[in-house]
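Reviewing the structure listed below.
Excluded from the calculations below are hydrogen atoms, water molecules and symmetry mates; all remaining heavy atoms, backbone and side chain alike, are included. In listed order, ligands and their atoms are each counted from 1.
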Amino acid sequence: MKTLGIYIHIPFCISKCAYCDFYSLADCNRTEEYIEALKTQIKSFKKRAAGYTVDTIYFGGGTPSCIQPEYISDLLSTVRKTFKVHPKAEITLEANPGTLDSNKLSIYRSAGVNRLSIGLQSANNAELKMLSRIHTWEEFESTFVLARFEGFDNINVDIMYALPQQSRTHLAETVNAVMNLSPDHISFYGLKIEQNTPFGNNPEIAKRLPDEESQYKMYMESAKRFEDGGYMQYEISNFAKKGKKCRHNIKYWRCENYLGFGVAAASLFEGELFSYAKNIDAFIDDPKSPALVESTQKLSEKDLATQYIMLGMRLTSGVDRTEYFRRFGRDLDADYYKKLKPFIEKRLAEKTVGGYRLTRRGMLVSNYILSDILEF
Ligand code: SF4
């Protein structure tokens, strides 16, 4: 069975967070037109994806939970009418506390959404305020409990670490508070200061970040806490209870086919990597226009093999020599053993029965290791 993941971008938020450089607008006044445009674009891929079975769907943003829930049902119904969707498809919706209520949650459930990914970032209200998040810890907690009550048994919570002036104790309090709620999955990302965001434009912010050694300890200590609490690490920033890994995101790391719909969405489909421009007006005007494609690259077998290593090394299972040979007809050891050897000696990478992977220490410096072995 040829499988396919679908990503749908909802580019609206209640307001912008101080660190965010995702394409999202704190202004939802074109929502209806945008949803219509999305439906048109989705339908236009019917023929191209005819031989595929969709086994994951992911609503990301932005804040998909800030628009009316009927739009989500409508989009899912369009996806089902356009593509063959597996009855056990994983269907995720990103949501923020302060934008959910029981009516929305029940409409999502009826529409088939079976996984929620809730953006928390911190359990400390002062930190949430500093990040310009729209909610408090208490609002998150009641949203989480409500989602459980409405039957969601697969919930991710996002935590962010290495925040300005964050201490290891503060972070540990957030980690413990989240684990006390027992979500099924935890995403744990370090704050990155992006240009052209309020944080990026304020030189004081960078000065207040925890130093490298503290960041290292924050990552290692939290990862250990997650594991002790029954969350298995399966990717640099992702931890899951048994059977609750995010199947959609694994497609990205395994370089499998996915189609992204909507403004700024990216796709990897049949060896072609392409993404749409960050321009909602142009998207609404003509969602089928070839001019919306901002970048496109037909990947050669060698490019795909490189992507497979670059993304696969993010996973704790690493890259597999049999899979590498099956997909690209190449010998993993011949291509990478010499390059990885210095990192294996420093215990930043290791040889596994099936191939290679990074150690947890190596994961923290994955960009450096990968840029070296892939010769960017
Ligand atoms: S809610 Fe998410 S997408 Fe929206 S501004 Fe904040 S971080 Fe960005």
Side-chain angles (χ1 to χ4, degrees), residues 7-31 34-35 38 58-69 71-72 75 92-101 104 108 115-144 147 155-164 166 174 178 183 185-202 205 209 237-238 246 248-249 252 260-266 275-280 283:
Y7 173 84
I8 300 176
H9 193 70
I10 307 293
F12 305 112
C13 287
I14 303 290
S15 63
K16 284 295 285 187
C17 302
Y19 56 89
C20 176
D21 79 334
F22 295 129
Y23 183 75
S24 68
L25 310 161
D27 163 9
C28 306
N29 63 13
R30 299 200 77 186
T31 309
Y34 181 72
I35 301 297
L38 263 177
Y58 194 103
F59 289 91
T63 306
S65 57
C66 80
I67 61 171
Q68 287 174 28
Y71 288 136
I72 301 295
L75 286 166
T92 304
L93 181 117
E94 285 183 353
N96 274 320
T99 62
L100 281 176
D101 55 32
K104 279 186 178 174
Y108 298 151
R115 184 172 184 272
L116 283 183
S117 178
I118 308 181
L120 166 66
Q121 317 314 344
S122 168
N124 178 310
N125 284 338
E127 286 176 355
L128 289 173
K129 200 166 171 202
M130 183 246 317
L131 296 169
S132 321
R133 300 286 301 174
I134 56 165
H135 56 88
T136 59
W137 158 257
E138 291 73 21
E139 282 166 327
F140 162 79
E141 208 176 13
S142 37
T143 297
F144 185 93
I155 304 181
N156 168 60
V157 176
D158 289 337
I159 299 177
M160 200 178 259
Y161 74 99
L163 307 180
Q166 187 178 43
T174 289
V178 169
H185 187 287
I186 297 173
S187 291
F188 183 69
Y189 285 92
L191 171 70
K192 282 210 179 72
I193 305 294
E194 307 285 358
Q195 286 182 343
N196 301 321
T197 61
F199 272 9
N201 295 334
N202 180 353
I205 292 290
L209 297 179
S237 308
N238 286 282
C246 176
H248 183 82
N249 286 344
Y252 299 144
F261 295 108
V263 64
S275 59
Y276 298 117
K278 296 176 176 175
N279 182 338
I280 192 165
F283 183 80

### Message
With a 3.5 Å distance limit and no angle check, can you tell me whether Tyr34 reaches the backbone of Val263 through a side-chain donor-acceptor pair?
### Response
yes

### Message
Any atom of ligand 1 sitting under 4.0 Å from a heavy atom of Gly119?
### Response
no

### Task
For Thr63, take its heavy atoms, then give the atoms of ligand 1 lying under 4.0 Å from any of them.
1 (S), 4 (Fe)

### Proximal ligand 1 atoms for Cys20, defined as those under 4.0 Å from one of its heavy atoms
3 (S), 5 (S), 7 (S), 8 (Fe)

### Query
Quick one: are His248 and Tyr7 in side-chain contact, heavy atoms under 4.5 Å?
yes

### Query
For atom 1 (S) of ligand 1, which candidate among Leu25, Leu131, Asn96 holds the nearest heavy atom?
Asn96

### Query
What do you reckon, does Ser15 put a non-hydrogen atom under 4.0 Å from ligand 1?
yes

#### Entry: Test item: Asn96 side-chain N/O and Ser65 main-chain N/O as donor-acceptor pair under 3.5 Å
no

### Which of the ligand 1 atoms, numbered from 1, are nearer than 4.0 Å to a heavy atom of Tyr19
7 (S)

### Query
For ligand 1, which atoms have a heavy atom of Arg133 less than 4.0 angstrom away?
1 (S), 6 (Fe), 7 (S)

### Task
Could you grab the distance from atom CG of Leu116 to atom OH of Tyr108, nearest 0.5 Å is fine?
8.0 Å

### Task
Identify, by atom number and element, the atoms of ligand 1 in contact range of Cys13, meaning under 4.0 Å from any of its heavy atoms.
1 (S), 3 (S), 4 (Fe), 5 (S)

#### Entry: Side-chain heavy atoms of Ile118 within contact of Asn156, under 4.5 Å
no

### Heavy atoms of other groups near Phe22 CZ, more than 12 under 6.0 Å
no

#### Entry: Part of Cys17 with heavy atoms under 4.0 Å of ligand 1, whether side chain, backbone, both or neither
both

### Query
Is a side-chain N or O of Ser142 found less than 3.5 angstrom from the main chain of Glu138, in a donor-acceptor match?
yes

### Query
Considering only protein heavy atoms, which is closest to atom 3 (S) of ligand 1, and at what distance to one decimal place?
Gly62 N, 3.3 Å

